[in-house]
Amino acid sequence: RRPLAAKGLRVLAAGMMPVICVGESLAERESGQAEAKVRAQIEAQADCLRFGGEIAIAYEPIWAIGTGKSASALEAVAMHREMRRVLQEVTAEYADGIRILYGGSVNGENAAELFSHDEIEGVLVGGASLDTEHCAAVRRAADGYFGLGTAGKRAVKAEGFGMNRIHYMDWISRCLH
């Protein structure tokens, strides 16, 4: 059993939700290896993902962590689609219940655009959570897309996860990379 997957299993067994972070380096992205890198990272978590329970996977491009740089919304959407395909291959039984978050330098300036895409089911906020203005803007953006009045696919996906789509867990993302 892989060490990180074993940690995820322990988190699930303790009744908590693991947030598994995956992402590529800038060199991997520029050389066209981003999807292969993320696929391998997800496949390495198969034991945890097949356990079931409340699980989230955050796409956090390594090159974006703490840099203020962020993947474009369309780059994030493309990766989230690929991640969903990989989850279907790894654990078809539980894939639809696994929330896919974006966590690459989310802030008040890019949150609304990120939330406007169905593939981005929430965000993992790091440094912006320390800035009250950015934090409030991210919260407002989330409320606009995931609020109680939201209808359709997003409201259905929110069931079982509560309405909180923002995860302020910079320390977790740093521990899991």
Side-chain angles (χ1 to χ4, degrees), residues 1-24 34-62 64-65 71 76-106 111 114-115 117-126 128-129 135 138-139 141-143 145-148 150-177:
R1 192 169 282 176
R2 297 177 187 236
L4 194 53
K7 287 181 184 181
L9 286 169
R10 286 195 302 272
V11 170
L12 284 165
M16 297 182 289
M17 180 181 78
V19 178
I20 300 167
C21 298
V22 298
E24 78 284 357
E35 288 182 356
K37 174 70 173 198
V38 169
R39 169 180 284 280
Q41 291 170 333
I42 292 171
E43 289 172 345
Q45 302 307 312
D47 288 347
C48 179
L49 298 171
R50 290 181 185 133
F51 185 84
E54 196 171 0
I55 299 171
I57 296 182
Y59 170 52
E60 268 203 276
I62 296 167
I65 298 172
V77 165
M79 185 61 79
H80 282 223
R81 285 181 182 151
E82 176 62 16
M83 291 168 66
R84 185 63 65 198
R85 279 192 289 275
V86 174
L87 287 170
Q88 287 292 336
E89 293 171 17
V90 170
T91 178
E93 182 178 358
Y94 297 112
D96 289 340
I98 297 171
R99 189 184 327 167
I100 301 178
L101 313 174
Y102 178 73
S105 292
V106 175
L114 292 166
F115 284 134
H117 298 277
D118 286 343
E119 294 83 356
I120 298 174
E121 300 171 324
V123 297
L124 183 66
V125 180
S129 66
C135 190
V138 171
R139 185 72 198 174
D143 287 345
Y145 287 96
F146 300 112
L148 293 173
T150 305
K153 178 181 172 186
R154 290 183 180 278
V156 171
K157 284 200 169 260
E159 292 177 19
F161 291 116
M163 294 310 292
N164 185 7
R165 292 303 183 136
I166 304 172
H167 299 269
Y168 301 103
M169 295 192 250
D170 189 53
W171 59 274
I172 287 179
S173 68
R174 296 194 192 288
C175 291
L176 295 181
H177 274 291

*Quick one: CZ on R99 to CG on L124, what's the gap to the nearest 0.5 Å?*
11.0 Å
*Any salt bridge between R39 and E82, counting N to O under 4.0 Å?*
yes
*asked:* Within the 4.5 Å heavy-atom criterion, are V22 and M83 side-chain neighbours or not?
replied: yes
*Straight-line distance of I100 CD1 to R81 CZ, nearest 0.5 Å*: 11.5 Å
*If every non-hydrogen atom of Q88 is compared with every non-hydrogen atom of A95, which pair is closest and at what distance?*
NE2-CB, 3.5 Å
*Is F115 close to V123 at the side-chain level, that is, under 4.5 Å between some pair of heavy atoms?*
yes
_How long is the straight-line distance from OH of Y94 back to CD1 of I55, given to the nearest 0.5 Å?_
9.0 Å
*Which atom of Y102 lies closest to which atom of I120, heavy atoms considered*: CB-CG2, 4.1 Å
*Check T91, I42, I57 against V86 for a side chain to side chain contact (heavy atoms under 4.5 Å, CB included) and give me the one that passes.*
I42
*Taking atom CG of L114 and atom CD of E121, what is their separation to the nearest 0.5 Å?*
13.0 Å
*Do M79 and E35 have side chains that get closer than 4.5 Å, going by heavy atoms?*
yes
*Closest heavy-atom pair and its distance - I62, G23*: CD1-O, 3.6 Å
*Identify the two heavy atoms, one from E54 and one from L12, that lie closest to each other, and give their separation to 0.1 Å.*
O-CD2, 3.7 Å
*Checking side chain to side chain contact (heavy atoms under 4.5 Å, CB included) for the pair I20/L49: CA distance, chi angles, key distance, verdict?*
CA-CA 10 Å; I20 300 167; L49 298 171; 4.1 Å; yes
_Distance-minimising heavy-atom pair for P61 and A71_ = CG-CB, 4.4 Å
_For V77, is there any backbone N or O sitting under 3.5 Å from a side-chain donor or acceptor partner on H117?_
no
*asked:* Under 3.5 Å, is there a donor on one side chain and an acceptor on the other for Y59 and E24?
replied: yes
*Identify the heavy atoms of C48 and L9 that sit nearest to each other, and give their distance.*
CA-CD2, 3.8 Å
